[in-house]
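Read through the structure below, which is laid out as structure tokens, and then see the notes.
The basis for the numbers below is simple: all heavy atoms, side chains too, and nothing from hydrogens, waters or symmetry mates.
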Amino acid sequence: MADIEERMTKTIDSLKDSFNTIRTGRANAAIFDKVRVDYYGTKSPLNQVATIAIPEARSVIITPFDKSLISEIEKAIQMADLGLNPSNDGKVIRIAIPALTADRRKELVKQAKTVAENSRTAIRNIRRDGNDDLKKQQKDGTLTEDGLKTETDKLQKLTDKYIDEINKIYDAKEKDIMQN
């Protein structure tokens with residue numbers, strides 16, 4: 001059971017990480033987590049080659065550690081398809097976070113819904129693995145019929161708890177996207 005709960009917790013953590021990269025109307029450094037910059041032939045995460053500052057709710061300033069990377073960072077941000085237009089002054093890259101259009105909000109909610117559904121499916125797959133393991137234990141004689149029923153019920157309650165948590169996280173993200 002501990003292993004199953006740990007796997008379910010990791011699924012929730014993964015969902016939160018995925019939701020952090022879905023942008024809302026506010027500036028958020030996490031939207032750049034998936035941006036990879038070509039740093040001397042190696043694809044490096046943006047936060048390892050530059051500092052990301054958020055001076056205001058709708059702007060981001062990226063300061064590269066190596067000034068020669070400015071054009072590479074700009075290119076990487078444009079290639080990441082975040083819907084952002086970086087501009088630089090030779091020292092830093094400034095990004096104004098545009099307000100989201102109604103269509104873009106709907107698109108982002110749809111994307112969030114897909115991510116949430118994938119997480120729900122992962123939780124159900126973990127439950128299935130747990131049930132298979134319990135049935136195997138019963139077949140081997142290490143678990144009684146009553147024990148199987150009890151453990152299966154516990155597993156279902158655990159699954160319901162994590163599915164509810166996914167739903168709450170999704171609802172919060174949807175609200176966040178739609179209200180900005």
Side-chain angles (χ1 to χ4, degrees), residues 2-101 103-123 125-126 162 165-180:
D3 175 52
I4 288 170
E5 189 159 11
E6 184 182 331
R7 287 173 59 197
M8 288 183 176
T9 302
K10 285 181 181 174
T11 301
I12 296 291
D13 292 343
S14 173
L15 172 73
K16 288 176 182 174
D17 289 345
S18 295
F19 276 0
N20 281 340
T21 62
I22 297 175
R23 86 179 180 93
T24 57
R26 291 189 306 270
N28 177 356
I31 63 174
F32 298 104
D33 285 352
K34 299 235 187 307
V35 176
R36 298 283 182 255
V37 179
D38 189 10
Y39 183 61
Y40 299 108
T42 307
K43 293 283 186 187
S44 301
L46 178 60
N47 61 7
Q48 289 183 6
V49 297
T51 56
I52 303 170
I54 299 172
E56 299 166 25
R58 293 200 180 273
S59 69
V60 178
I61 294 178
I62 299 172
T63 310
F65 301 135
D66 180 353
K67 303 295 180 222
S68 66
L69 283 176
I70 282 192
S71 63
E72 287 295 333
I73 292 172
E74 270 189 310
K75 201 184 313 174
I77 291 169
Q78 288 168 341
M79 298 296 282
D81 194 29
L82 298 172
L84 302 173
N85 291 319
S87 64
N88 78 69
D89 62 8
K91 293 185 182 115
V92 297
I93 297 171
R94 296 180 195 285
I95 302 171
I97 306 290
L100 295 171
T101 63
D103 287 345
R104 183 70 176 138
R105 286 178 198 277
K106 287 176 187 163
E107 243 177 75
L108 292 171
V109 167
K110 206 164 156 184
Q111 182 183 350
K113 191 174 194 167
T114 302
V115 171
E117 188 52 45
N118 291 342
S119 295
R120 285 187 208 101
T121 302
I123 295 287
N125 288 341
I126 294 167
Y162 280 97
E165 192 169 340
I166 288 170
N167 292 338
K168 285 178 190 163
I169 293 168
Y170 167 72
D171 290 343
K173 185 65 177 183
E174 180 184 26
K175 186 177 170 197
D176 195 25
I177 292 169
M178 294 310 280
Q179 75 179 188
N180 284 319

Looking only at heavy atoms, which two atoms of [X] and [Y] are closest? And how far apart?
X	Y	answer
V92	D89	N-OD1, 3.0 Å
K173	A112	CG-CB, 4.4 Å
A80	V35	CB-CG2, 3.8 Å
D38	E72	CB-OE1, 3.5 Å
Y40	S68	OH-OG, 3.9 Å
S44	Y39	OG-CB, 3.7 Å

Could you grab the distance from atom [atom1] of [X] to atom [atom2] of [Y], nearest 0.5 Å is fine?
X	Y	atom1	atom2	value
I73	F65	CD1	CZ	9.0 Å
F32	L84	CZ	CG	5.5 Å
T121	I126	OG1	CD1	11.0 Å
I77	R36	CD1	CZ	13.0 Å
K16	E165	NZ	CD	5.5 Å
D176	D171	CG	CG	12.5 Å

Margin query: Ignoring hydrogens and geometry beyond distance, is a side-chain donor-acceptor pair present between D103 and T101 at under 3.5 Å?
Written below: no
Note to self: Between R120 and N167, is the side chain to side chain contact (heavy atoms under 4.5 Å, CB included) condition met? List the steps.
What the structure shows: CA-CA 9 Å; R120 285 187 208 101; N167 292 338; 2.8 Å; yes
Notebook entry, point to check: Would you say L15 and F19 make side-chain contact, with heavy atoms under 4.5 Å?
Noted result: yes
Note to self: Is there a side chain to side chain contact (heavy atoms under 4.5 Å, CB included) between R94 and V60? Walk through the geometry before answering.
What the structure shows: CA-CA 6 Å; R94 296 180 195 285; V60 178; over 6 Å; no
Next item on the list: Considering only NZ, NE, NH1 and NH2 on the basic side and carboxylate oxygens on the acidic side, decide whether K113 and E117 come within less than 4.0 Å.
Entry: no
Item checked: Step-by-step salt bridge (charged side-chain N to carboxylate O under 4.0 Å, His left out) determination, K110 to E107 -> CA-CA 5 Å; K110 206 164 156 184; E107 243 177 75; over 6 Å; no
Notebook entry, point to check: Is it the case that more than 12 heavy atoms not belonging to K67 sit under 6.0 Å from its NZ atom?
Noted result: yes
Next item on the list: Among L46, I31, I93, find the residue that satisfies the side-chain contact (heavy atoms from CB on, under 4.5 Å) test when tested with I52.
Entry: L46
Item checked: Steps toward side chain to side chain contact (heavy atoms under 4.5 Å, CB included) verdict (T11, R7) -> CA-CA 6 Å; T11 301; R7 287 173 59 197; 5.6 Å; no
